[in-house]
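Reading through the structure tokens given below for one structure.
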Amino acid sequence: MLGPSGHLDTFARDNLPPPDQWPEIRLDGFDYPEWMNAGVELTDRMVERGFGDNTALIGNGRRRTYKELSDWTNRIAQALTEDYGLKPGNRVLIRSANNPAMVACWLAATKAGAVVVNTMPMLRSGELAKIIDKAEISIALCDTRLMDELVACAKESRFLKQVIGFDGTANHDAELDRAALNKPVRFEAVKTGRDDVALLGFTSGSTGVPKATMHFHRDILIIADAYAKEVLDVTPDDVFVGSPPLAFTFGLGGLAVFPLRFGAAATLLEQATPAKMIEIIETYKATISFTAPTAYRAMLAAMDAGADLSSLRIAVSAGETLPGPVFDEWVKKTGKPILDGIGATEMLHIFISNRLGDSKPACTGKPLTGYEAIVVDDDMNEVPRGTIGKLAVKGPIGCRYLADDRQKDYVKDGWNLTGDSFVEDEDGYFHFAARSDDMIVSAGYNIAGPEVEAALLKHEAVLECAVIGVSDEARGTIVEAHVVLVKGAEAGELMVKILQDHVKAVIAPYKYPRSIVFADALPKTESGKIQRFRLKQKPSA
């Protein structure tokens, strides 16, 4: 089933799920050599193909060409193997904000045959320790501005032996940078198999115990050759910008793999607020944007104040479902498409998406070429079209958890169960209903929170909102909306009544929020995704 391996440290392959627990993997149309290294394909190979002088990365006040990126990553890879004893198959953790140095470290470690774990700056030592223990990580590369938590973690860790600092600014003045400076710009990359694990993407489980999703060298190229090629039609003239952390596979794809696969440029922001993204779009004439719906609402508001987003040709929305009103307003104001899509860390990236010329509000689109999706009930029977059920997916990439019993929950009968509730319409388009565990069952009715949110967002007084289910003695659960009002709108009982009546007029009346809580802001992740679970932890009004 698996091809040859170039790993001397066999930990990753030894801890793949048993073959009978794998999803069905469909590789038709995705043909790669038996031996290949994704780090080489995204750097040296691009130089060989004539992109050496093209800008690859923009960040921290500098532009770096593909030739510069290739040389830089080769030097780091040489330092990792010669000075720090990195062996093919060793796990390497990288801790950094989004900057060119983080991308260089990821590519260099990949060239050296490592299995890379990218992590976010927000993680604390206790959270890092869980990741390090799970993946038995011995080497960590860390932006010197973020060393404290990792150093504290290393003191207690039985696995982590080396924490090596790199300079996340443009100064190249840290331990790893100095070691790399004296190395040649040529490096004989480790001969890895296309089926060697190259990346571990960590995702939190409902129990709080992290799960590590295992992705091969071929998978890193597949997401570009599927989604980025088919949906985005990337060209070397494109300039990417986005907010998701590179530690998320959504960010790693959108801000590193996709541009580098096609000779385009990536702009990297350590603080990717909507204001900063607008600045980058205006300065570098960015053409493709990756962020969450909440950020697009902020960007639309900025357009009213004179922001120029005219260089964008595509806006990609993911992380959470794109509300219909945001879709409509974006298309109306910009005249450009905004593409909703759904992906999963287990699947590495987006597998269902709208297309250019085939997109509509409140619709996630159709599966990419090579992928199949169905909607099923609890017994894995496909439900009639128009019926809410669980989304099940197959394709060239599928869930493989690192030594985790939860593999059996995610994969059933060869299908990946993403944990999302969807409806497939008569024309084969998929429509998001809710996260399966976020479906609100109130007095026997199934109510999808995102549908209520979309209705609320159509009211001119609502800036942002998030809907959750809260316990209620009479109905079991009721719909509760947490609402941020626009400036000048007044919170109070009258506004509660106005918004409730508005929702009843827009969607079925039984779905209206029986409780409305007004807030100054909603809790969000670093990438702008609303954290509804935090609202559930708060006492309701």
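Residues: numbered from 1 along the sequence shown.
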Plane angle bin for Tyr227 and His349 - parallel if under 30°, tilted between 30 and 60°, otherwise perpendicular: tilted
Any donor and acceptor pair, going by atom type alone, linking the side chain of Asp133 with main-chain N or O of Lys130 inside 3.5 Å? no
What's the shortest heavy-atom distance between Gly242 and Ala272, and which atoms? O-CB, 3.8 Å
Donor-acceptor check, side chain of Asp195 to backbone of Phe216, threshold 3.5 angstrom: yes or no? no
In the structure I gave you, are the side-chain heavy atoms of Met347 and Pro396 within less than 4.5 Å of one another anywhere? no
Side-chain (Glu230) to main-chain (Leu368) donor-acceptor, under 3.5 angstrom: no
May I ask you to test the Glu136-Asn15 pair for a side-chain heavy-atom distance under 4.5 Å? no
Return yes if some donor-acceptor pair links the side-chain N/O of Asn98 with the main-chain N/O of Ser243 below 3.5 Å, else return no. no
Ion pair present between Lys360 and Asp427, side-chain N to carboxylate O less than 4.0 angstrom? no
Would Lys366 and Arg355 satisfy side-chain contact (heavy atoms from CB on, under 4.5 Å), going step by step from the backbone distance to the final call? CA-CA 8 Å; Lys366 291 183 175 181; Arg355 272 43 168 209; 4.0 Å; yes
Return the orientation label for the Tyr410 and Tyr401 ring planes: parallel under 30°, perpendicular over 60°, tilted otherwise. perpendicular
Mark yes or no for whether Arg13, through its side chain, and Phe11, through its backbone, hold a donor-acceptor pair below 3.5 Å. no
Rounded distance (nearest 0.5 Å) linking atom CZ of Phe432 with atom SG of Cys363: 13.0 Å
Could you tell me if the side chain of Met102 sits less than 4.5 Å from the side chain of Leu268, heavy atoms only? no
Are the side chain of Thr267 and the backbone N or O of Phe240 linked by a donor-acceptor pair below 3.5 Å? yes
Flag for Tyr371-Asn416: side-chain donor and acceptor within less than 3.5 Å: no
Tell me, yes or no, whether the heavy-atom count around Lys229 atom NZ, taken from other residues, nucleotides or ligands under 6.0 Å, exceeds 12. no
Evaluate the side-chain proximity of Pro523 to Phe533: yes if any heavy-atom separation is below 4.5 Å, no if none is. no
Heavy atoms only: give me the nearest Pro325-Leu457 pair and the separation to one decimal. CG-CB, 4.2 Å
Any donor and acceptor pair, going by atom type alone, linking the side chain of Asp404 with main-chain N or O of Lys211 inside 3.5 Å? no
Is there a side-chain contact between Thr387 and Val375, using heavy atoms and a 4.5 Å cut-off? no
Please walk me through it: do Leu123 and Ile131 pass side-chain contact (heavy atoms from CB on, under 4.5 Å)? CA-CA 10 Å; Leu123 297 184; Ile131 291 170; 3.8 Å; yes
Asp413 (side chain) donor-acceptor with Trp415 (main chain) under 3.5 angstrom: no
Output yes when Glu453 and Arg532 qualify as a salt bridge under the 4.0 Å nitrogen-oxygen rule, no when they do not. yes
With rounding to the nearest 0.5 Å, note down the distance linking CG in Leu312 to OG in Ser289. 5.5 Å
What closest approach, in Å, do Val326 and Leu300 show between heavy atoms, and which atom pair accounts for it? O-CD1, 4.3 Å
Asp143 bridged to Arg95 by N-O distance under 4.0 Å: no
Against Leu417, only a single residue in Asp409, Val376, Val411 fulfils side-chain contact (heavy atoms from CB on, under 4.5 Å); can you say which? Val376
dist Thr203:OG1 -> Phe248:CZ (nearest 0.5 Å) comes out at 9.0 Å
Here the gap from Asp219 atom CG to Leu348 atom CG, rounded to the nearest 0.5 Å, amounts to 6.0 Å
Is there a side-chain contact between Lys111 and Asn37, using heavy atoms and a 4.5 Å cut-off? yes
Ring of Phe30, cation from Arg194 - is the NZ or CZ under 6.0 Å from the centre and inside 45° of the axis? no
So, the side chain of Asp420 versus the backbone of Leu391: is there a donor-acceptor pair under 3.5 Å, distance only? no
What are the two closest non-hydrogen atoms of Ala112 and Val190, and how far apart are they? O-CG2, 3.2 Å
As an exercise, state the distance from OH of Tyr429 to CD of Glu424, rounded to the nearest 0.5 Å. 11.5 Å
May I ask you to test the Leu221-Met36 pair for a side-chain heavy-atom distance under 4.5 Å? yes
To the nearest 0.5 Å, what is the distance between CD1 (Ile132) and SG (Cys153)? 3.5 Å
Donor-acceptor pairs are to be reported for all side-chain atoms of residues 250-264 against protein atoms at under 3.5 Å, with residues two or more places apart or in another chain.
from   : atom 1 : to     : atom 2 : distance (Å)
Arg261 : NE     : Asp225 : OD1    : 3.0
Arg261 : NH2    : Asp225 : OD2    : 2.9

Got a donor-acceptor contact below 3.5 angstrom from the Ser317 side chain to the Asp340 backbone? no
Do the charged groups of Arg26 and Glu372 touch, with an N to O distance under 4.0 Å? yes
If you draw a 6.0 Å radius around CG in Asn381, do more than 12 non-hydrogen atoms from other residues or ligands fall strictly inside? yes
Least distance between heavy atoms, Lys529 atom then Ala292 atom: N-CB, 4.4 Å
List the steps, then state whether side-chain contact (heavy atoms from CB on, under 4.5 Å) holds for Leu150 with Leu93. CA-CA 10 Å; Leu150 201 50; Leu93 181 143; 4.1 Å; yes
Any donor-acceptor pair under 3.5 Å linking the side-chain atoms of Thr294 with those of Lys524? no
Under 4.0 Å between a side-chain nitrogen and a carboxylate oxygen: does that hold for Glu451 and Lys511? yes
Any chance CG of Asp14 has more than 12 other-residue heavy atoms, nucleotides or ligands included, within less than 6.0 Å? yes
Tyr296: partners by ring-ring contact (aromatic ring centres under 6.0 Å, His included), with sequence neighbours left out: Trp330
Do the side chains of Val115 and Met214 get nearer than 4.5 Å, heavy atoms only? no
Verdict with reasoning, Arg218 to Leu27, per side-chain contact (heavy atoms from CB on, under 4.5 Å): CA-CA 10 Å; Arg218 72 176 186 220; Leu27 291 169; 3.7 Å; yes
Looking at Ile397 and Glu346, what are the two nearest heavy atoms and their distance? CG2-O, 4.3 Å
